[in-house]
Amino acid sequence: MRERKRCRIQEGRGRRHSKRAGPPRGPDGGGELPRNDRTGARVGGMRFSKLFGKTLRQAPAEAESISHQLLLRTGMIAQEAAGIYSYLPLGWRVLRKIEQIIREEMDKAGGQELLLPVLQPFEFWQQSGRNVAFGESLFTMTDRRKRILALGPTHEEVVADLVSRYVQSYRDLPLLLYQIQTKLRDEPRPRGGLLRVREFIMKDLYSLDADESGLDESYRLVSQAYRNVYARMDLPTLMIEADSGAIGGKESHEFMVLSETGEDEIIHCAACGYAANAEKAEFNKAVESDAGAAPSPGSGAGNPRELLPMEEIATPEARTIVQVADLVDVPTTETLKSVFYVAGGEFLIVVIRGDLDINETKLTNALKCSDLRLATEDEVSKSGLVAGFASPVGLKGVRVVADDSVKSRAHFITGANKSGYHLRNINYPRDFQADVVADVALARTGHRCPRCRSELSSVRGIEVGHVFKLGTFISERFGASFLDRDGGSRPVIMGSYGIGLGRLLAAVVEQSHDDKGIIWPQSIAPYQVCLCSLHADRAEISAAAEQIYEDLQQSGLEVLFDDRIDSPGVKFNDADLLGIPLRLTLSPRTLESRSVEAKRRTEKESRLLPFEDLTRQVTSLLAETRESQP
RNA sequence: CGGGGUGUGGCGCAGUGGCUAGCGCGCAUGGUUUGGGACCAUGAGGUCGGAGGUUCGAAUCCUCUCACCCCGACCA
């Protein structure tokens with residue numbers, strides 16, 4: 001008892017000492033520990049007691065998504081304004097690891113890294129014409145000479161400018177140029193923590209090729225590099241067909257992480273693997289067991305003589321497709337619906353089969369416009385149309401866009417353009433014509449796959465990569481051309497390939513966590529090992545822990561050393577919350593058997609590792625963990 | 001931009017006209033503790049988002065405004 005008491009008094013002193021003079025010295029009286037003890041910062045290790053940032057027991061109320069909550073609770077990020085975040089040391093370590101993985105894979109694919117300016121002449125954007133497509137999302141500022149500068153949301157223009165100056169011959173191609181840097185977009189609505197922000201670090205690669213087959217090869221190479229990146233982060237992704245949006249271009253794919261938190265809807269066919277963003281997804285519009293489908297789909301109309309004559313039917317109060325279909329007792333597939341839009345200031349009517357909805361992305365593309373919105377009630381009535389009873393039949397002076405579903409059958413029911421009446425036996429193109437006929441329909445769960453006719457389903461996803469075959473529209477405008485073998489001048493063919501690093505980080509957290517906290521894949525964990533010393537105020541514990549901390553670092557491991565004088569629960573919970581792959585616990589109990597307890601973040605069980613050869617055992621445990629991960 | 005919501009100490013919250021604005025966590029100091037977010041004591045910390053107004057008196061009522069979050073529009 002007396003021994004014990006004395007021991008405690010000494011511990012008390014030690015504790016006071018440690019708080020004033022920093023962490024206790026090494027086992028043999030100090031001097032041997034690496035420098036920088038004042039702040040605890042080391043190359044491979046960090047003392048929890050010195051770590052900048054604090055874990056929170058409760059997530060701030062503004063955080064809704066899991067990743068947002070966990071990243072705030074762990075002190076990995078801190079919000080400064082809507083869609084603008086600071087990365088604190090732990091979060092920044094993770095981001096840098098992601099960055100390094102991406103860099104390695106881009107280099108492996110043959111990429112050359114460079115750094116491009118954030119401030120870009122606004123003229124670049126006028127030259128490409130994309131100032132219109134980006135619209136208000138393009139941050140701009142004015143310098144002291146009143147010159148307008150754009151804050152780069154992406155860098156195709158700058159690359160095209162560089163290429164116009166440095167690429168002269170087909171011998172200079174192909175090229176894969178990439179940068180990893182901050183980009184700025186004035187998003188209308190930032191959300192979900194790091195999932196959608198206004199300032200973000202992005203890896204953007206631009207491929208430059210002499211011909212289409214070169215572009216195909218670049219596209220293939222970079223796509224494979226993307227798969228490698230995700231695989232190294234243990235992140236399952238789905239490559240889907242995508243719309244190219246404001247970036248422009250033809251073919252485009254997105255890499256999606258399936259998650260309910262995701263903003264994108266993916267239309268997917270389990271049978272043949274067809275997968276596309278709902279913005280882009282196609283589907284088979286044939287109506288099954290449709291006896292009335294007189295002209296076969298795609299044939300336009302049949303012989304007009306076989307078609308029944310148009311008739312007017314009274315449909316009082318039936319203003320919606322469902323009401324009309326019920327009243328006349330036909331399925332909604334036998335009706336046509338008309339919707340009114342204003343595109344580029346022009347009023348237009350869009351007609352589509354009654355059971356389908358309009359996909360505004362497809363519509364925008366079909367119209368080649370950049371501003372599309374639903375018409376207001378005022379605009380509709382000014383155009384002389386009666387909402388609820390409108391149709392393109394007999395309409396003059398209004399541009400008509402038809403979804404190709406108008407050709408999928410004959411004898412539709414649609415509005416008579418007078419209140420209380422509809423028309424029966426309406427056929428395209430006998431009874432109305434369209435200025436544009438295109439696929440502008442929205443695919444949904446239950447529709448048929450365009451490839452194999454199996455049933456499509458829908459899932460949500462987070463877009464963690466997007467690749468585009470841009471083509472030549474930017475290079476042409478920047479005079480980025482080269483001389484081919486025959487001495488002819490041709491525009492460079494461009495591709496563009498982006499990964500948002502912060503979003504990727506958030507996607508990993510969305511994908512890999514439990515009720516205790518984050519579960520980092522080893523490749524991007526801020527530290528590989530969390531060393532917890534229990535009863536850290538006891539001299540013998542702290543001495544042994546210091547030694548282990550030292551040894552682990554010497555062997556090249558990244559260690560977060562929880563040297564705080566705190567209860568075991570606090571330390572264990574923080575280790576779990578932070579998601580460090582391997583936890584080592586040193587306590588009086590384990591010290592007695594000259595061992596530490598090792599527990600993987602993903603497992604419940606722990607094991608004792610004897611001091612002898614500890615670093616080797618830890619290293620091999622981590623290697624096993626790496627292998628066992630998918 | 002439309003709809004909804006929230007602004008009170010670092011975080012989570014209570015406080016709907018009346019005394020000095022309160023609680024939990026966190027923080028500081030001392031003590032007791034220590035294998036899954038310990039306990040006791042003492043203490044620091046708040047222009048109640050901002051401006052204007054009503055009132056003897058405003059965190060509380062009114063007007064305006066700002067910020068942030070969610071849904072939609074839009075957007076990589």
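Hydrogens, waters and symmetry mates are skipped; everything else that's a heavy atom, side chains included, is used. All chains are named by letter (A, B, ...) in the order of the sequence lines, taking the proteins before the strands, and each is independently numbered beginning at 1.
Contact of A:D576 with B:G36 (side chain to base): a donor-acceptor pair of N or O atoms is detected under 3.5 Å. Put simply, the side chain of A:S567 and the base of B:G37 share no donor and acceptor less than 3.5 Å apart. The base of B:G26 does not come close enough to the side chain of A:R73 for any donor and acceptor atom to sit less than 3.5 Å apart. Counting distance only, with no hydrogens placed and no angle test, the side-chain atoms of A:R57 and the base atoms of B:G24 include no donor-acceptor pair under 3.5 Å.
With B:C68, B:C70, B:G36 as the choices, the nucleotide that has an atom nearest any side-chain atom of A:K599 turns out to be B:G36. For A:N573, counting side-chain heavy atoms from C-beta on, the closest listed nucleotide (B:U34, B:C74, B:G36) is B:G36. If you check B:G36, B:A73, B:C11 against the side chain of A:F572, the one that comes closest is B:G36. Among the nucleotides B:G35, B:U34, B:C13, the one closest to any side-chain atom of A:A61 is B:C13. Side-chain atoms of A:E64 lie closest to B:C70 of the nucleotides B:C70, B:U34, B:G24. When the nucleotides B:C69, B:G35, B:C70 are ranked by their closest atom to the side chain of A:R191, B:C70 comes out on top.
Remark: B:U16 base-pairs with no nucleotide in the shown strands. Criterion, Watson-Crick or G-U wobble with two distances under 3.5 Å. Across all strands shown, B:U32 forms a Watson-Crick or G-U wobble pair with B:A38, both key distances being under 3.5 Å. Nucleotide B:G45 has no partner under the Watson-Crick or G-U criteria, as no pair reaches both atom distances under 3.5 Å. In this structure B:U55 sits in no base pair that meets the Watson-Crick or G-U test at under 3.5 Å. With a cut-off of 3.5 Å on both Watson-Crick or G-U wobble distances, the partner of B:G72 is given as B:C1. Shown here, B:A21 forms no base pair; nothing in the strands shown gives a Watson-Crick or G-U wobble contact with both key distances under 3.5 Å. Base pairing annotation: B:C64 forms a Watson-Crick or G-U wobble pair with B:G50, both donor-acceptor distances under 3.5 Å.
Rounded to whole Å, the P atom of B:G9 lies 16 Å from the corresponding atom of B:A51. Across the C1' atoms, B:G26 and B:G46 are found 16 Å apart, a figure rounded to whole Å. Spacing between B:U8 and B:A59 at atom P, rounded to whole Å, works out to 15 Å. Taking atom P in both B:U42 and B:C25, the straight-line distance is 15 Å, to the nearest Å. Nucleotides B:G45 and B:U55 are separated by 36 Å at their P atoms, to the nearest Å. Straight-line distance between the P atoms of B:C56 and B:A41: roughly 45 Å, to the nearest whole Å. Remark: the separation of the C1' atoms in B:G4 and B:G22 is 30 Å, to the nearest Å. Comparing B:U47 with B:U34, their C1' atoms are spaced 42 Å from each other, to the whole Å.
Using a 4.0 Å heavy-atom criterion, one finds that A:V464 contacts no nucleic acid atom at all. At the heavy-atom level, A:R198 lies nowhere under 4.0 Å from the strands shown. Residue contacts for A:E263: at a heavy-atom cut-off of 4.0 Å it reaches no nucleic acid atom on any strand shown. If you check every strand for non-hydrogen atoms under 4.0 Å, A:T361 touches nothing. Looking at heavy-atom distances under 4.0 Å, A:A59 makes contact with sugar-phosphate atoms alone, never a base. Backbone-only contact: A:Q79 has heavy atoms under 4.0 Å from sugar-phosphate atoms and none from a base. The residue A:K516 sits close to a base: some heavy atom pair falls under 4.0 Å. The residue A:E187 sits close to a base: some heavy atom pair falls under 4.0 Å. A:P60 comes within 4.0 angstrom of the backbone, heavy atoms only, and of no base. If you check every strand for non-hydrogen atoms under 4.0 Å, A:G517 touches nothing. At a threshold of 4.0 angstrom between heavy atoms, the contacts of A:H466 are confined to the sugar-phosphate backbone, with no base atom among them.
If you measure from atom CG of A:L578 to atom P of B:G37, you get 17 Å, rounded to the nearest angstrom. Counting to the nearest Å, the C1' atom of B:G9 and the NZ atom of A:K54 are 15 Å from each other. For A:L577 and B:G37, the CG to P distance is 15 Å, given to the nearest whole Å. Between the CG atom of A:L534 and the P atom of B:U34 there is a distance of 12 Å, given to the nearest Å. A:D537 has its CG atom 13 Å from the C1' atom of B:G31, to the nearest Å. Whole-Å rounding puts the A:D574 CG to B:G35 P distance at 17 Å.
In this structure, A:F478 and A:F124 have perpendicular ring planes: the angle between them is above 60°, well past the 30° mark. Using cut-offs of 30° and 60° for the angle between ring planes, the A:F340 and A:F347 rings count as parallel.
Checking A:N277 against A:D243 by side-chain atom types alone, no donor-acceptor pair falls below 3.5 Å. There is a side-chain donor-acceptor pair under 3.5 Å between A:Q120 and A:W125. Looking at A:Y497 and A:S207, their side chains do bring a donor and an acceptor atom within 3.5 Å of each other. For A:E597 and A:T590, the side-chain atoms include no donor-acceptor pair closer than 3.5 Å. A:E346 and A:Y341 are not linked by any side-chain donor-acceptor pair at a separation below 3.5 angstrom, with hydrogens and angles left out of the test.
Each of A:R583 and A:E360 was matched to the nucleotide of RNA chain B holding its nearest heavy atom; the match closer to the 5' end belongs to A:R583. Comparing A:K571 and A:S65 against RNA chain B, the residue whose closest nucleotide sits nearer the 5' end is A:K571.
Closest heavy-atom contact between A:S252 and A:H466: OG-NE2, 2.6 Å. Shown here for A:S496 and A:D204, the closest heavy-atom pair between the two residues is OG-OD1, 4.1 Å.
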